[in-house]
A.B. asks: 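Before we start, here is the structure in question, set down as structure tokens.
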Amino acid sequence: MDYQFKDIEKKWQQFWADNNTFKAENNTNKPKYYVLDMFPYPSGAGLHVGHPLGYIASDIFARYKRNKGFNVLHPMGYDSFGLPAEQYAIQTGQHPSVTTEANINTYRRQLDQIGFSFDWSREVRTSSPDYYKWTQWIFMQLFNSWYNKDADKAESIDKLVAYFETKGSAGINAVCDEDTLVFDADEWKALPEKIQQQELLKYRLTYLRESTVNWCAALGTVLANDEVKDGFSERGGYPVEQKKMMQWSMRITAYAERLLQGLDTIDWPEPLKEMQRNWIGKSVGASVKFPLERAESEDLSRENDPTTGSSHPAPYIEVFTTRVDTIFGVSFLVIAPEHELVAELTTPEQKADIDAYIAQTKKKSELDRMADTKTVSGAFTGSYVKNPLNGEKIPVWIADYVLAGYGTGAVMAVPSGDQRDYLFAKHFDLPIIPIIDIQNIETEADPTKEGKYINSDFINGLSYKEATAAVVAKLEEIGLGKAKVNFRMRDAIFGRQRYWGEPVPVYFKDGLPQLIEESELPLLLPEIDKYLPTETGEPPLGRATGWNYNGNEYELSTMPGWAGSSWYWYRYMDADNNTEFASEKAIEYWKDVDLYIGGSEHATGHLLYSRFWNKFLKDIGKAIEEEPFKKLINQGMIQGRSNFVYRLIDEEGRGTNTFISHGLIKDHKTSPLHVDVNIVENDILNINKFKAWREDFADAEFSLENGKYICGVEVEKMSKSKFNVVNPDDLIERYGADTLRMYEMFLGPLEQSKPWNTNGIEGVFKFLRKFWRLFHDANWNFSISNEAPTKAELKALHKIIKKVEDDIERFSFNTSVSSFMIAVNELTDLKCNKRAILENLVIVLAPYAPHIAEELWSLLGNPAGSISTAAYPKFQPEYLVEDDFAYPISFNGKVRTNISLPLTMEPADVEAAVLAHADVQKHLDGKAPKKVIVVKGRIVNVVV
RNA sequence: GCUCAGAUGGUGGAACUGGUAGACACGCAGGACUUAAAAUCCUGUUCCCGUAAACGGAGUGCGGGUUCGAUUCCCGCUCUGAGUACCA
């Protein structure tokens with residue numbers, strides 16, 4: 001029979017499902033291998049041809065590893081909480097779980113068609129209660145933990161309480177809020193329960209605090225920083241504003257250093273690691289206190305100013321700097337307009353200026369503030385500080401180029417070394433003090449670290465390294481500064497005012513958050529009448545009737561999208577466990593993910609949060625490895641490839657019903673129109689389908705080239721509105737899953753982004769037919785010979801065994817596909833139908849094209865399904881050994897001819913043989929070669 | 001601006017450690033089979049000169065360098081894509 005892909009693929013997909021072929025074992029002596037894909041959010045649009053790219057690659061790898069004798073865990077599931085289902089619910093009243101279920105079914109049908117070797121018995125859905133029970137459980141563990149910097153790990157909050165009870169707050173080295181109280185053991189014990197709890201909240205790894213959030217009114221929720229792009233929501237593009245709200249946060253900053261260090265231990269793409277490094281943003285520098293200089297007139301103003309709320313005026317302004325060595329070049333201080341000392345520092349004479357400036361800053365949106373980095377603006381507070389090292393009087397300004405959220409919200413301005421300070425100084429006519437002898441500050445700041453210091457008191461003449469050390473030592477000595485490491489990363493907001501997410505297992509008593517009992521998990525998402533905020537502006541959960549904890553109100557926000565995805569790889573290890581998130585034994589066996597494939601868009605979201613939770617789970621003894629994903633690969637994005645037709649514009653400028661072929665448009669006035677790529681083949685428009693596509697094209701006319709209508713091409717995002725979406729279902733219908741799988745790989749290197757172009761798919765389909773034909777005679781009868789293979793046949797086989805092995809190990813799937821084609825071409829030329837060759841070849845191909853491989857494998861008489869665990873053939877190098885080699889002979893590096901010589905021949909003999917050769921003599925034309933380079937088994941280069 | 005990745009025929013791409021650039025496939029052209037078409041098969045296909053072949057010249061974004069030899073290494077530049085953005 002001819003290659004009947006439809007029957008074959010259906011048959012084997014059914015077989016795999018019926019026989020649980022890909023079920024991974026938790027109890028086995030085999031070595032483990034864990035291949036994971038980033039699980040999808042099941043959107044209503046279903047899969048397009050770009051989605052399975054990574055899944056196909058990981059599936060090939062998983063199948064290959066099974067053939068290599070590994071017990072492979074290759075699971076799939078759904079990140080099924082999320083905004084789109086909820087938006088749809090708001091519009092239609094349909095419960096998000098209903099939409100989600102329907103979408104999952106579509107995804108499952110599409111995934112099954114491609115023939116993935118997923119162990120579906122371990123499927124997880126983040127929105128299912130027996131899954132989110134454990135997301136809530138982890139939240140509770142975080143709530144019950146604090147970060148001990150001395151131990152450099154998370155510890156139980158009980159341990160902290162016990163410490164407070166015996167020693168008070170002295171000697172505690174924790175990652176905590178700024179405003180923690182100082183107390184001894186007795187004072188702690190005397191504190192009311194409520195105050196104690198408030199205090200502990202400042203240490204917990206998940207905690208409630210008022211923070212500035214990205215509020216998106218249109219979506220009715222708070223967004224994470226990585227969900228905001230240029231002041232607009234990433235999903236939907238709605239405006240986002242800054243708003244203060246009580247919010248759950250995760251103290252991810254406790255792990256900043258470990259998250260940074262861990263990057264050096266994992267095999268991830270360098271750009272991705274770089275993104276995480278930038279996101280963490282470690283700066284090594286110093287914090288310096290500038291004492292306030294007080295004038296008598298100020299005291300009056302401060303007394304009358306109720307906004308400070310403090311009877312003790314602040315004694316100093318603290319700044320963070322990475323260039324403490326430039327401290328003698330400080331000619332002014334700049335603090336953020338939002339800085340807490342602004343009101344206190346503003347003198348009556350300057351009040352009007354400052355108020356006007358703050359008003360102006362507030363009006364500017366975040367977007368303007370970012371875009372407008374050129375204009376220099378600021379205002380003088382009227383106050384002064386003293387340089388802590390030389391007592392120099394320094395004016396204090398406010399300006400919006402200083403961010404309240406970074407460092408201390410205050411900077412020491414060194415115009416000679418920092419360009420922003422330089423521009424500010426020029427604009428407001430402030431002094432610019434050169435501090436390094438080789439500095440050139442005529443037109444701009446010079447941030448050099450080379451040269452010797454000048455105008456710098458006791459560090460004059462020192463080098464950068466010496467000066468930094470000397471200044472830090474001096475500041476520490478006088479108690480006005482110290483070396484400090486600062487991180488850009490902020491604690492992560494952990495909550496959104498939405499319905500379709502995990503409920504937070506917390507209720508409020510006397511305004512303080514309390515955990516529910518572990519035995520009461522999962523805290524189920526309640527039913528509500530509408531998926532909108534309440535009339536009083538509370539989140540949708542506020543609508544749930546009777547939803548309270550013994551009369552106490554539950555937390556009304558739900559967890560953010562990244563909660564469920566921050567630990568899901570552990571659930572796959574032991575998906576049915578209902579006493580733990582995964583058993584100790586399962587985690588002990590599977591440990592971590594060996595290969596993780598997914599998009600780079602998750603660089604600073606999912607991949608950072610997952611590493612954070614993993615480190616926490618390790619700290620509390622639940623996980624074994626410090627890093628969850630040993631090796632990670634980003635598959636490139638598949639872009640859309642749009643086709644265009646060109647509508648002729650008549651003299652009055654109106655569109656006609658005539659369409660001009662692409663090659664002819666320069667002679668006409670036309671307007672381009674997207675045309676459905678599914679009615680275009682190799683950029684040639686199918687005119688009949690075009691006429692049927694839309695009613696108004698039914699009697700379209702065409703101006704053709706060589707009888708064909710050629711379409712224009714452009715690379716754009718794949719989207720419905722551009723008519724460039726290619727659905728894998730259609731391709732499978734036409735060519736089968738094996739062809740689709742191989743073609744997606746054939747397209748190019750996995751990591752590279754590329755436009756989808758169906759044009760070459762025929763070549764892969766033809767290859768599979770040709771492969772099928774190796775096993776069949778001219779009448780399509782299965783026909784295999786048991787004769788001993790020839791040397792040439794063995795060589796072709798072992799070449800491909802080696803090649804595919806090497807390619808898969810370095811994730812170069814595209815080159816394997818080419819090599820398969822070469823192997824089949826060679827064997828076809830050799831008319832090889834020998835069992836000894838083909839039986840091995842089928843195993844090598846199986847990870848790529850599993851259906852056809854299964855079919856031929858069973859036709860060869862093997863037990864059905866056994867190819868999945870059949871041993872990968874052993875490469876035998878002796879079959880590739882050649883006696884002779886056709887040496888390329890180059891003259892001055894240009895190859896002119898080939899001379900076949902024995903590989904055993906020594907270089908000196910090769911040289912002699914080559915020079916004696918007639919072709920070489922001809923090229924030398926009587927001249928003597930200056931030099932001859934012979935690389936044995938490679939090349940000969942004659943220098944003339 | 002900064003950081004990173006990339007640039008090879010008409011197209012997707014290959015060349016893994018500095019050693020025959022353009023494998024493999026698409027497309028295109030010509031041919032076989034066919035009344036015809038589809039399908040299938042065969043041949044050719046980097047560019048230039050040349051009727052063709054032999055032969056010759058150029059050639060991996062641009063300009064230099066190292067080397068017997070560079071798509072590969074080094075320096076400078078151009079362009080494209082991604083990330084990031086007043087981070088003190």
Side-chain angles (χ1 to χ4, degrees), chain A residues 230 269-275 277-279 281-283 285 319-324 326 334 336 369-374 376 399-403 405-414 417-421 423-424 486-489 600-601 603-604 634 636-637 639 641 682-684 706 713 715 743 746-749 751-764 766-767 769 803 806-807 809-810 812 814-825 886-898 929-935 937-944:
Chain A
D230 302 330
E270 201 47 50
L272 196 91
K273 291 201 213 177
E274 202 56 33
M275 268 190 250
R277 282 190 195 106
N278 289 338
W279 191 262
K282 182 180 181 179
S283 309
V319 304
F320 174 74
T321 176
T322 54
R323 286 299 299 274
V324 72
T326 63
V334 189
R369 214 166 136 171
M370 279 195 293
D372 184 19
T373 60
K374 296 280 177 294
V376 176
D400 63 8
Y401 80 84
V402 175
L403 306 175
Y406 183 77
T408 57
V411 304
M412 56 178 227
V414 184
D418 181 283
Q419 186 59 16
R420 290 156 313 176
D421 297 345
L423 292 173
F424 197 86
N486 207 33
F487 291 96
R488 190 170 77 107
M489 184 167 68
S600 61
E601 64 271 24
T604 51
N634 289 130
M637 275 233 301
Q639 295 141 299
R641 186 179 187 277
N682 288 325
D683 299 330
I684 298 164
N706 304 324
V713 175
V715 173
Y743 184 61
F746 188 59
L747 229 41
E751 287 104 321
Q752 220 169 75
S753 285
K754 56 226 153 195
W756 177 267
N757 186 350
T758 310
N759 286 356
I761 199 167
E762 292 274 350
V764 173
K766 278 193 226 165
F767 154 74
R769 267 192 88 196
K803 175 72 173 154
D806 289 353
D807 283 351
E809 301 281 359
R810 66 191 172 102
S812 173
N814 56 323
T815 48
S816 302
V817 179
S818 301
S819 305
F820 280 125
M821 291 173 173
I822 293 169
V824 167
N825 288 345
Y887 276 94
I889 312 300
S890 58
F891 292 81
N892 295 333
K894 290 251 173 226
V895 176
R896 297 299 178 196
T897 186
N898 282 287
K930 282 198 191 121
K931 195 172 175 185
V932 179
I933 284 118
V934 177
V935 182
R938 273 258 143 101
I939 199 165
V940 176
N941 190 18
V942 182
V943 186
V944 284

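Quick note on labels: first sequence line is chain A, next is B, and so on, each numbered from 1.
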A.B. asks: Tell me whether the centres of the aromatic rings in Tyr743(A) and Trp756(A) are closer together than 6.0 Å.
C.D. replies: yes

A.B. asks: If the C1' atom of A85(B) is compared with that of U3(B), how far apart are they to the nearest Å?
C.D. replies: 11 Å

A.B. asks: Does a donor on one side chain sit under 3.5 Å from an acceptor on the other, for Tyr406(A) and Ser283(A)?
C.D. replies: yes

A.B. asks: Any non-hydrogen side-chain atom of Met821(A) less than 4.5 Å from a side-chain atom of Phe746(A)?
C.D. replies: yes

A.B. asks: Would you state whether a donor and an acceptor, one from the side chain of Asn759(A) and one from the base of C26(B), lie under 3.5 Å apart?
C.D. replies: no

A.B. asks: Using atom C1' in both nucleotides, what's the gap between U72(B) and G22(B) to the nearest angstrom?
C.D. replies: 15 Å

A.B. asks: Taking atom P in both C77(B) and U51(B), compute the distance separating them and give it to the nearest angstrom.
C.D. replies: 46 Å

A.B. asks: Taking the minimum atom-to-atom distance to the side chain of Pro888(A), which one of U20(B), G13(B), C24(B) wins?
C.D. replies: U20(B)

A.B. asks: Can you tell which of G13(B), A85(B), C24(B) lies closest to the side chain of Arg488(A)?
C.D. replies: A85(B)

A.B. asks: Given the C1' atoms of C41(B) and C33(B), what is the spacing between them in whole Å?
C.D. replies: 9 Å

A.B. asks: Now, which nucleotide makes the Watson-Crick or G-U wobble pair with C4(B), with each of the two distances under 3.5 Å?
C.D. replies: G81(B)

A.B. asks: Side chain of Pro271(A) only, please: which of G83(B), G13(B), C4(B) is the nearest?
C.D. replies: C4(B)

A.B. asks: With a 4.0 Å cut-off, would you call Lys803(A) and Asp807(A) a salt bridge?
C.D. replies: yes

A.B. asks: Any side-chain donor-acceptor pair under 3.5 Å between Ser818(A) and Thr815(A)?
C.D. replies: no

A.B. asks: Can you check the distance between G56(B) and C2(B), where both ends of the measurement are the C1' atom (answer in whole Å)?
C.D. replies: 50 Å

A.B. asks: I want to verify a distance call: between U3(B), C87(B), A25(B), whose nearest atom is closest to the Leu403(A) side chain?
C.D. replies: C87(B)

A.B. asks: In whole Å, measure the gap between the C1' atoms of A23(B) and A58(B) for me.
C.D. replies: 22 Å

A.B. asks: How should the glycosidic conformation of G13(B) be described, syn or anti, under the criterion that syn lies within 90° of 0?
C.D. replies: anti

A.B. asks: Using purine N1 to pyrimidine N3 plus N6-O4 or O6-N4 for Watson-Crick, or N1-O2 and O6-N3 for G-U wobble, each under 3.5 Å, what pairs with A70(B)?
C.D. replies: none

A.B. asks: Ignoring the backbone of Val411(A), work out which of U40(B), U84(B), A88(B) is nearest its side chain.
C.D. replies: A88(B)

A.B. asks: Measuring only the P atom in each nucleotide, how far is U40(B) from G81(B)? A whole number of Å is fine.
C.D. replies: 38 Å

A.B. asks: I'd like the C1' distance from U66(B) over to C55(B), given in whole Å.
C.D. replies: 33 Å

